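Order of listing sets the numbers, starting from 1, for every ligand and every atom in it. The structure presented is a predicted model; accordingly, all values stated were derived computationally and were not measured.
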Amino acid sequence: MAEPILVLEGLCKAYGALTVTDNLSMAVQAGSIHALIGPNGAGKTTLIGQVSGQIAPDAGRIRFAGRDVTDLPMHARCRRGLARSFQITTILPRFTALENVAVAAQAHDGHSFRFLRPAAAEARLNDAAMQALETVGLGDRAAIRAGALSHGEKRQLEIAIALVMKPTLLLLDEPMAGTGHEESERLVATLEALRGSLTILLVEHDMDAVFALADRISVLVYGRVIAEGAPDEIRADPEVRSAYLGEEGAP
Ligand SMILES: Nc1ncnc2c1ncn2[C@@H]1O[C@H](COP(=O)(O)OP(=O)(O)OP(=O)(O)O)[C@@H](O)[C@H]1O
């Protein structure tokens, strides 16, 4: 089997006396949708922060696409194809959906258009932004101010903003949070359509979405992976059921 696109080896992170990442090792296979689940406070967001480069681990190594990126800052990891979806708070509400994505495209690789005249460069950025919006099903909302989009549409816009950076590994932290049933179904369809074109590491509490999408699931409890496997294995794992899914909550 090819080397996994992401390999975490012995990662540790503590806040004072609180150990949040506890000698954690795991691997994510290229092209897969890999879900990270676990109870509140298990350390999922902290782990995503360490992979993206926002949080420095106390110990351990992070390998991405065959290279050790542990000491690289976030923008350098992003340039190598590792993107984290932006949170809603980073969306510019007065800008249109298209402008939001175009701004992200420019920030990411505007320099590659520098040989073009400004108007041509802008057209390229807008084309790339439009393509990303269409991929997430927001093509017909391009001209709407982002502040006027529904909650679910804003979450789709976040994904479009991440996609325009052309990631090979996309980190998504609770994309379904706060969405209604229909909106989360649309987001699941959006992510399903991305399957195979990139790798997704997905932190999510919506178990319907997780079990619909994930090729593999890692279960995190107190900063440790207590189980990892295909959805059916995770669903049947007695330790997972008692630690997290709960007999009733398990799909
Ligand atoms: N900067 C920080 N300083 C101190 N403690 C922190 C910090 N960031 C996170 N924590 C603590 O670390 C623990 C893990 O937090 P984290 O947000 O990673 O968990 P999580 O699994 O993502 O939880 P949730 O599912 O609720 O989002 C929590 O107890 C949290 O309070």
Residues with a heavy atom under 4.0 Å from ligand 1, by chain and number, are Tyr15, Leu18, Val20, Pro39, Asn40, Gly41, Ala42, Gly43, Lys44, Thr45, Thr46, Glu174, His205
Original post:
Counting N and O atoms only, with roles assigned by atom type, does the side chain of Asp68 sit under 3.5 Å from a partner on the main chain of Arg63, one being a donor and the other an acceptor?
Top reply: no
Rounded to the nearest 0.5 angstrom, the CD-CG distance for Gln50 and Leu171 is 12.0 Å
- Gln54 and Arg84: side chain donor to acceptor below 3.5 Å: yes
query: For residues Glu228 and Ser218, is any side-chain donor paired with an opposing acceptor at under 3.5 Å?
result: yes
- Task: Report yes or no: does Thr46 contribute a side-chain atom to a donor-acceptor pair with the main-chain N or O of Val20 at less than 3.5 Å?
- Result: no
Q.
Strictly below 4.0 Å, N to O, side chains only: are Lys13 and Asp22 in salt-bridge contact?
A. no
